[in-house]
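As the structure lists them, so they are numbered: ligands from 1, and atoms in each ligand from 1.
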Amino acid sequence: MITYFDYHSSKPVDQRVIDAMQPYFREHYGNPSSLHMIGDRATRVLEQSRLSVAEFLGAEKDEIIFTSGATESNNLALIGYAMRNRSKGDHIILSEIEHISIHNIAKYLEKQGFSVSRIPVDQYGQVSVKKLAARIQDKTILVSINYANNEIGTLQSIAEIGMLCRERNIVFHSDAVAAQGLVPLDVRRDNIDLMTISSNDMYGPKGTGALFVRSGVKLQPIIIGGGQERGLRSGTENMPGIVGMAKAAEIARQDMAGDVKRLTAYRDTLIKEILQRIPRAYLNGHPVMRLPNNAHFRFDGIEGEALLLSLKDAGHAVSTGSACSSKTLEPSHTLIALGLLHEEAHGSLQLTCGRFTREEEIAKIINDLPEVVQRLRKLSPLYKEED
Ligand code: PMP
């Protein structure tokens with residue numbers, strides 16, 4: 001039996017989504033930019049899909065721009081806003097535990113002459129709203145804070161941050177990819193101006209995403225062409241992808257309560273059993289303010305890669321951190337930001353569950369993990385049994 005605990009990096013597409021997408025490959029192949037009846041039909045479907053995604057976020061239909069995924073949405077949000085609004089100021093604030101795409105976009109903007117402040121987080125990965133407020137300057141135009149962290153699952157005080165930004169007249173962007181489908185999102189309640197979501201993170205197809213752009217917020221496009229998506233994202237719309245994303249959003253709204261209940265039970269069992277069965281094991285991230293599907297541990301004397309490979313041999317697909325950064329040998333910037341030492345960060349294990357996780361998978365990892373950790377510790381020159 002193979003288990004899968006890497007839902008943060010990839011999710012299978014829900015069969016209901018595949019069924020909804022199917023006709024848009026051959027049967028309904030129209031281009032929304034065509035003026036004939038086949039194009040008209042595509043336009044109606046595009047706008048219906050936009051409405052479904054808007055309703056998922058508590059937004060208006062015309063505030064949704066379809067993109068190729070969360071990376072592009074983050075680029076459009078940050079580069080698009082910064083470049084268009086440079087005359088208002090050139091200072092941007094983010095947290096130290098943003099997704100690598102946000103960090104790399106921020107570095108790019110620094111090269112373009114913007115200044116960027118990176119707010120430290122506490123030991124659980126939460127941004128202090130007070131610290132954030134203290135970094136705001138007259139020239140601050142944009143704050144970007146993730147809704148929930150994609151590695152450790154810590155939820156941020158988004159409503160408070162939104163309120164602060166609104167009071168100070170600063171545009172607030174949030175990357176909600178890790179949280180979507182697990183936390184009810186509402187851009188109006190939380191005073192969010194720009195929000196990134198992706199299709200695959202709610203069991204839709206990869207290669208499709210969206211950016212919520214509050215009415216009145218002006219962006220400069222980063223992809224120039226035929227003027228689709230209100231001129232903000234040119235290129236023929238990926239209709240099967242968009243229809244799939246919309247269906248995924250509708251299902252996420254219907255199924256969220258049930259998904260969250262089941263996932264919370266799995267998460268709590270994983271945390272309780274693993275901390276109980278393995279000595280010198282610790283939970284990374286917040287004990288309460290965390291995503292319902294995320295359990296993230298570190299084990300003294302263990303090297304994460306060796307743990308991952310041993311678990312792979314035992315039939316478990318797990319992760320040591322973000323798949324987006326797995327090609328670097330650097331420890332996770334998120335774990336370092338929590339104040340962990342390099343060896344602690346390297347000894348971490350991320351288990352994320354999802355809609356299709358089964359109870360047998362939870363039982364199997366709980367059963368196998370203690371033995372694997374014990375075996376690796378015996379081989380480790382770093383690990384000494386305590387007296
Ligand atoms: N933001 C977050 C929080 C993510 O976890 C990811 C990766 N799933 C991205 C952005 C980038 O998404 P994509 O690779 O689909 O562009």
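For the ring-ring contact (aromatic ring centres under 6.0 Å, His included) condition, the pairs that include at least one residue of residues 121-146, sequence neighbours left out, are Y124-H286.
Evaluated by nearest non-hydrogen atom to atom 5 (O) of ligand 1, the leading choice among T71, N150, I102 is N150. The nearest non-hydrogen atom to atom 10 (C) of ligand 1, considering only T67, N200, D175, comes from D175.
P279 meets the side chain to side chain contact (heavy atoms under 4.5 Å, CB included) test with R377; sequence neighbours excluded.
Contact annotation: for S198 versus ligand 1, there are no heavy atoms closer than 4.0 Å.
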Original post:
Is there a ring pair (Phe, Tyr, Trp, His ring centres under 6.0 Å) between F356 and Y7 once you walk through the steps?
Top reply: CA-CA 10 Å; F356 307 107; Y7 273 85; 7.1 Å; no
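A salt bridge is defined here as a Lys NZ or Arg NE, NH1 or NH2 lying under 4.0 Å from an Asp or Glu carboxylate O, and K272 with D268 fails to meet this definition.
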